[in-house]
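First the structure, in the form of structure tokens, and then the observations on it.
In this text the structure is predicted, and so the values were computed from the model without any measurement.
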Amino acid sequence: MKPCKKGLALFTPRQIEIIQMSGRGLRVKEISDALGIKHRTVQFHVREIYEMGGVLSMAHAVAVLYGIN
């Protein structure tokens, strides 16, 4: 499934990566290991995802990214 235009406009490319990985069930530590960044950096991106996307959970962020809501 591809992200919708609205979802792509709301998030940065790194945030989209994190949302997609979260949607596959990866946790913050697993995402940070996979991307080679600190877990605090992932947590920062997650906070920004919540604020920028107006979402209440990462599942909601996945729905917004893919236009499922």
Nearest-0.5 Å distance that lies between atom [atom1] in [X] and atom [atom2] in [Y]:
| X | Y | atom1 | atom2 | result |
| --- | --- | --- | --- | --- |
| Met58 | Ser22 | CE | OG | 4.0 Å |
| Leu26 | Gln20 | CG | CD | 12.0 Å |
| Leu10 | Cys4 | CG | SG | 8.0 Å |
| Leu8 | Lys2 | CG | NZ | 10.5 Å |

Inter- and intrachain pairs under salt bridge (Lys or Arg N to Asp or Glu O under 4.0 Å), touching residues 8-20, at least two apart: Arg14-Glu17
Pairs satisfying salt bridge (Lys or Arg N to Asp or Glu O under 4.0 Å), at least one member in residues 22-37, at least two apart: Lys29-Asp33
Only pairs under 3.5 Å count here: list side-chain donor-acceptor contacts from residues 40-54, not counting sequence neighbours, and write none if there are none.
none

4.5 Å side-chain heavy-atom contact, Ile18 and Leu35: yes
